[in-house]
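Hydrogens, waters and symmetry mates play no part in the numbers below; they use all other heavy atoms, side chains included. These numbers were taken from a predicted model, which means no experiment stands behind them.
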Amino acid sequence: MNYFAFFDVDHTILKINSAGALLRGAYKKGILSKRRLISACLLGLLYKLKIIDSERIIKKFASWLANYPVNEMESLCSEIVEKDLIPVIRPQIRNEIKKHQAQGAHLAILSSAIAPICIPLAKHLEIPSVLCTELETDNHHYTGFPKGQFCYRKEKCNRMLRFLETNQIPPEHCYYYGDSMDDLSVLQSVGNPVCVNPGKNLAKLARKHNWKIYIWE
């Protein structure tokens with residue numbers, strides 16, 4: 001039976017949030033000023049306190065990239081993936097990927113993280129397909145806006161369903177590995193939802209619906 005196994009990135013494939021590593025790398029390279037780095041840290045704190053959602057942080061970072069060369073950002077992100085993100089890939093996720101590969105599954109990253117992070121990460125993990133946030137470009141520079149909608153919450157689910165329709169695979173055959181209530185619409189849409197280190201609210205829903213829960217250090 002053909003099916004897809006979709007994997008979220010932050011706190012699912014990775015033990016950490018890739019945005020933090022990206023912001024630190026951008027500051028070191030002079031892309032972000034100290035003032036903007038502090039602003040980003042404050043936004044991150046507000047997100048942890050559930051005062052704002054991650055879409056606001058993504059929008060802010062996209063605006064900071066206005067007029068920045070695409071090739072330089074892609075080079076920076078490849079370096080961050082190699083040095084900061086590959087070392088914090090969950091070994092258990094590697095095992096899940098190998099399991100699905102052995103069963104002949106199709107694999108895809110489905111994440112709100114930006115493409116310059118997701119694409120090299122997917123290449124390292126031998127995951128062929130990537131559905132994620134893309135940033136608009138013009139003349140090889142970023143415009144400061146997304147390309148289409150951010151791959152977040154309902155849009156993440158819509159992207160997955162359109163992708164599966166194109167590939168003629170029903171969502172009830174598929175798996176999705178996620179960690180957050182932001183992933184809820186996707187988890188509800190697949191036949192095999194998997195919650196990785198879920199928070200209190202998601203864990204409660206997972207137990208109610210008998211979804212698989214993994215608690216990984």
Side-chain angles (χ1 to χ4, degrees), residues 1-20 47-48 50 53-55 81 85-113 117-119 121-133 150-217:
M1 178 180 69
N2 287 334
Y3 70 93
F4 267 92
F6 295 93
F7 296 86
D8 183 38
V9 170
D10 296 322
H11 298 295
T12 303
I13 288 178
L14 304 176
K15 298 176 184 178
I16 65 171
N17 190 313
S18 62
Y47 171 72
K48 287 183 179 180
K50 303 186 185 303
D53 58 39
S54 60
E55 183 175 3
V81 168
L85 302 186
I86 288 175
V88 294
I89 293 173
R90 296 185 188 276
Q92 300 93 337
I93 278 289
R94 291 186 184 273
N95 292 336
E96 293 294 303
I97 289 170
K98 290 176 182 177
K99 179 185 77 174
H100 288 296
Q101 287 172 330
Q103 294 172 352
H106 308 286
L107 303 179
I109 279 179
L110 177 59
S111 173
S112 62
I117 289 289
C118 291
I119 290 172
L121 189 62
K123 184 177 180 180
H124 171 78
L125 291 167
E126 298 182 356
I127 295 178
S129 300
V130 175
L131 305 175
C132 66
T133 294
F150 290 104
C151 190
Y152 177 69
R153 290 189 177 173
K154 190 63 179 177
E155 175 62 15
K156 182 185 282 190
C157 185
N158 291 339
R159 294 259 195 110
M160 180 192 71
L161 294 176
R162 291 195 298 267
F163 180 78
L164 289 174
E165 183 177 6
T166 299
N167 286 276
Q168 298 182 320
I169 294 179
E172 55 265 28
H173 292 174
C174 297
Y175 288 73
Y176 178 71
Y177 292 73
D179 69 287
S180 167
M181 286 294 288
D182 292 337
D183 300 318
L184 185 58
S185 59
V186 182
L187 290 163
Q188 291 173 327
S189 297
V190 297
N192 301 282
V194 182
C195 300
V196 177
N197 288 22
K200 182 179 178 180
N201 291 336
L202 182 56
K204 183 178 179 180
L205 278 173
R207 288 191 292 269
K208 178 181 177 180
H209 295 292
N210 200 30
W211 295 345
K212 186 171 288 186
I213 299 175
Y214 286 140
I215 305 299
W216 292 331
E217 294 298 327

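Although no hydrogens or angles enter the test, the distance criterion places a donor-acceptor pair under 3.5 Å between the side chain of D10 and the main chain of S18. Of the possible polar contacts, one joining the N192 side chain to the C174 backbone as a donor-acceptor pair under 3.5 Å is found. A donor-acceptor pair is defined here as one N or O able to donate and one able to accept, closer than 3.5 Å; no such pair exists between the side chain of R153 and the backbone of S185. A donor-acceptor pair is defined here as one N or O able to donate and one able to accept, closer than 3.5 Å; such a pair exists between the side chain of N197 and the backbone of W216.
Residues C132 and R159 share a closest heavy-atom pair of O-NH1, 2.7 Å. L125 and R94 get closest at one heavy-atom pair: CD2-NH1, 3.8 Å. The two residues S189 and C157 make their nearest non-hydrogen contact at OG-SG, 3.2 Å. Residue I215 comes nearest to I213 through the heavy atom pair CD1-CG2, 3.9 Å, listed as atom of the first residue, atom of the second, then distance.
Put simply, the residue from F4, Y3, Y176, F6 that forms a ring-ring contact (aromatic ring centres under 6.0 Å, His included) with H100 is Y3.
Counting heavy atoms from C-beta outward, V81 and I119 have side chains that stay 4.5 Å or more apart. With a 4.5 Å cut-off on side-chain heavy atoms, N2 and H106 count as touching. A heavy-atom distance below 4.5 Å is not found between the side chains of P87 and K15. For the pair L164 and P170, the minimum side-chain heavy-atom distance is 4.5 Å or more. Using a 4.5 Å cut-off on side-chain heavy atoms (C-beta onward), D8 and K156 make contact. Under the 4.5 Å side-chain criterion, counting only non-hydrogen atoms from C-beta, W211 is not in contact with P198.
A salt bridge does not link E165 to R162: none of the charged nitrogens lies less than 4.0 Å from a carboxylate oxygen.
Of the inter-residue distances, the one linking I89 atom CD1 with H124 atom NE2 reads 4.0 Å to the nearest 0.5 angstrom. In this structure, the separation between CD1 on I93 and NZ on K98 is 12.5 Å, given to the nearest 0.5 Å. Considering OG1 of T133 and CD of E155, their distance stands at 8.5 Å, rounded to 0.5 Å. Atom CD1 in I86 sits 10.0 Å away from atom CG in L14 (nearest 0.5 Å). Separating the CG atom in L121 from the CD1 atom in I109 is a distance of 4.5 Å, to the nearest 0.5 Å. In this structure, the separation between CG on L110 and CG on D183 is 8.0 Å, given to the nearest 0.5 Å.
Counting non-hydrogen atoms of neighbouring residues, nucleotides and ligands closer than 6.0 angstrom, the NZ atom of K99 exceeds 12 such neighbours.
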Q. Hey, mind stepping through V194 and E96 against side chain to side chain contact (heavy atoms under 4.5 Å, CB included) and telling me if it holds?
A. CA-CA 11 Å; V194 182; E96 293 294 303; 5.8 Å; no
Q) Checking side chain to side chain contact (heavy atoms under 4.5 Å, CB included) for the pair H11/S180: CA distance, chi angles, key distance, verdict? A) CA-CA 9 Å; H11 298 295; S180 167; over 6 Å; no
Q | Steps toward side chain to side chain contact (heavy atoms under 4.5 Å, CB included) verdict (R90, V196) | A | CA-CA 11 Å; R90 296 185 188 276; V196 177; 4.0 Å; yes
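Side-chain contact, Y214 with Q92: no donor N or O sits under 3.5 Å from an acceptor N or O.
The aromatic rings of F7 and Y177 lie parallel to each other, with less than 30° between the two planes, well short of the 60° mark.
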